[in-house]
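For reference, the structure is listed below as structure tokens.
Values below: all heavy atoms of this structure, side chains included; hydrogens, waters and symmetry mates excluded.
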Amino acid sequence: MAAATEATRSLQGLSSELTSRIPQLLEAMRTVGAGLDLHITLDRIVETAAELADARYAAIGIIDEAREGLSDFVTYGVTAQQHRQIGALPDGHKGLLGALIHDPKPLRLADLTQDPRSAGFPPEHPPMRTFLGVPVRVQGEIFGNLYLTEKRGGGQFSEEDLHMVRVLATEAGIAIGNARLHAATRQRERWIEGSVAVTTELLAGNVDDALTVVAEQARRLAQSAAGIVLLPDDEGGLEIVAVSADDPVGIMGTQIPPDSPVAEQLLAGEAVFVDDSATDPRMVTAIAPRFGPSMMLPLRSGDRVLGTLATPRHRGARPFTAAERTLATQFAAQAALALVLAEAQRDRERLAVFEDRDRIARDLHDLVIQRLFATGMMLESAQRRSVVPEVQRGVGKAVDELDVTIQEIRTAIFALQQGPAEAPSGLRTRVLREIGTAAVPLGFQPSANFIGPVDSRVGERTGKNLIAALREALSNAYRHAQASRIEVVVDSTITLPDGSEGVRLTVADDGIGIAAGGRRSGLRNLARRAEALGGSSTYGPGLGEGGTGTKVTWEAPL
């Protein structure tokens, strides 16, 4: 209150009219200083200033970071209908508003329309003549200007009005400073909470959708139209691999070519900030015209650049502030670290799975096959001693079945011992590998059926997402379903509702089904992944008696 007290002292010795209005001024100062929400504080300032100076209209223009125009314009006295008729709010680049930005001094005019600096009013703007403008300082820096127009009663704003509004502007600067500090603190808290949420989600085991988690949190925190994660592609550029948006169609799979200046900067670990993606010549992708301001931040851990996090806003949205850029950069660094930790955790889990598979293979070879072989020898001996033909034929058939079983077990042992690098990279093999990996925690081997030439028909982009969807569905099954049977079908011969060719993945089990009111995050992930490709994901009754269990159906274009 020191600045306000000093300003109030300056009123001493002035007219009795001004002295009589000091109680009103003190009440106005108390009103302005109440509360910590910045937008509510600004609304309160313009309303209180209008009442204090008996003005019909009031506004406060907030100067942008470049100190060249206005980033926001809060009004009092102008109705919502008048706002719609006027159109765009003033940007402060010209007229009296621009003059006060570049020369922030108190200004009192009997008729603003006669001032040479006036740029006139847009159509449908209410008439205004008398004018009073006062700069608002926050912690010694110009925050904006307080404008009052149209003194009630037809008179001019007096010198006493000017003094009163100057004191109010000083108190307003203090209130704005407190509100901005509170807003900045809350904003930092939200970004920190978002970083913690990402780390917790990833380290809780949801590694398969790690990039989607990062995209979703970044979109929420940055208040952007989309959250996008890009990874380096084989050509040396970047490819969008995860999207969080209201309309993700057409975004997934978009590539930034390696010769793009943006790609070079991002892969070098440098952040890129764009004021308008639709008009910036560096933005060369087909989706750029859909967005306005954008932050593109490298997901960097040490010297390693994992990829890029982009948070574009809608066209015409406000640009990102310096504080938002700093907080988003810190979030990207934390998210990159969480991804590295999650990747290491997944590697440990995969190693544990391979070690378990090796143990199972050894047990099958050293115990099960040996016992089956010994049993077969015993049966052969019994067959030779038997004199009953029916018994001999039955025992011989049993021995043949044991031989087949031993061969199947040996094939399974080979598959368990086969490392991921040794397997072909076709979609069929990747599906079988995921099923084999899931068999360990499930305790049984899900069945697999392929319809059509899946390896040759299904494209790499759709194939990668199908594998991720399969992994999600199997993960849901062994975590929640309590199933004893799972059937996986990949059909590359289907026709989608729009008439295009597609592939369908179905994962059905005979478990307990989806509990009412239970979590649906896994199912939402499947749906988002399919929709981003132009497909869909649904679920329904499973394989159990009476339709118990769950059947997930995931479809996407080839």
Side-chain angles (χ1 to χ4, degrees), residues 1-33 41-63 70 73-78 90 92 95-118 126-138 140-177:
M1 288 295 291
T5 303
E6 183 63 28
T8 306
R9 285 200 193 100
S10 67
L11 299 175
Q12 295 177 354
L14 295 178
S15 67
S16 58
E17 177 189 348
L18 183 58
T19 303
S20 66
R21 295 173 64 184
I22 286 179
Q24 182 187 7
L25 173 62
L26 293 176
E27 176 61 23
M29 291 169 64
R30 185 196 65 79
T31 302
V32 165
T41 298
L42 294 175
D43 287 335
R44 188 181 292 122
I45 288 170
V46 292
E47 181 180 359
T48 304
E51 293 174 354
L52 184 65
D54 202 20
R56 187 179 300 276
Y57 305 107
I60 185 166
I62 303 169
I63 300 176
L70 298 176
F73 196 74
V74 180
T75 64
Y76 170 78
V78 180
L96 280 173
L97 303 188
L100 284 173
I101 291 174
H102 298 291
D103 186 20
K105 296 178 181 177
L107 180 63
R108 184 164 59 95
L109 299 173
D111 188 350
L112 63 88
T113 62
Q114 300 303 312
D115 191 282
R117 295 167 293 183
S118 177
M128 296 180 181
R129 291 188 178 277
T130 53
F131 177 85
L132 182 61
V134 177
V136 177
R137 289 177 170 82
V138 176
E141 294 185 356
I142 296 294
F143 172 80
N145 289 288
L146 182 60
Y147 315 105
L148 301 170
T149 59
E150 288 299 282
K151 176 81 171 180
R152 295 183 186 276
Q156 302 179 26
F157 291 106
S158 64
E159 190 70 24
E160 287 79 7
D161 290 329
L162 176 59
H163 280 288
M164 298 275 281
V165 173
R166 287 181 67 181
V167 174
L168 182 65
T170 302
E171 178 62 23
I174 297 171
I176 292 170

Over all heavy atoms of both residues, which pair between [X] and [Y] is shortest? Give the atoms and the distance, please.
X	Y	result
Gln156	Asp161	O-OD2, 4.4 Å
Ala55	Arg152	O-NE, 3.8 Å
Pro106	Pro135	N-CD, 3.8 Å
Leu148	Ala53	CD1-CB, 3.7 Å

Any chance you could measure [X], atom [atom1], to [Y], atom [atom2], to the nearest 0.5 Å?
X	Y	atom1	atom2	result
Ile62	Asn145	CD1	CG	11.0 Å
Leu168	Ile45	CG	CD1	7.5 Å
Ile63	Phe143	CD1	CZ	9.0 Å

With the side chain counted from C-beta on, respond yes when [X] and [Y] share a heavy-atom pair under 4.5 Å apart, and no when they do not.
X	Y	value
Leu97	Phe73	yes
Leu96	Leu107	yes
Tyr147	Leu100	yes

Under the rule for side-chain hydrogen bond (donor to acceptor under 3.5 Å, both in side chains), what residues qualify as partners of Thr75, not counting sequence neighbours? His83
Going by the rule side-chain hydrogen bond (donor to acceptor under 3.5 Å, both in side chains), which residues pair with Glu159 if we only count those two or more places apart in sequence or in a different chain? Arg108
Could you pull out all residues at least two apart from Val74 that satisfy side chain to side chain contact (heavy atoms under 4.5 Å, CB included)? Leu42, Asp43, Val46, Ile60, Asp72
Using side chain to side chain contact (heavy atoms under 4.5 Å, CB included) as the criterion, list what pairs up with Glu150, not counting sequence neighbours. Arg56, Tyr57, Met128, Arg129, Thr130
Sidechain-backbone polar pair: Thr170 side chain, Arg166 backbone, donor-acceptor under 3.5 Å: yes
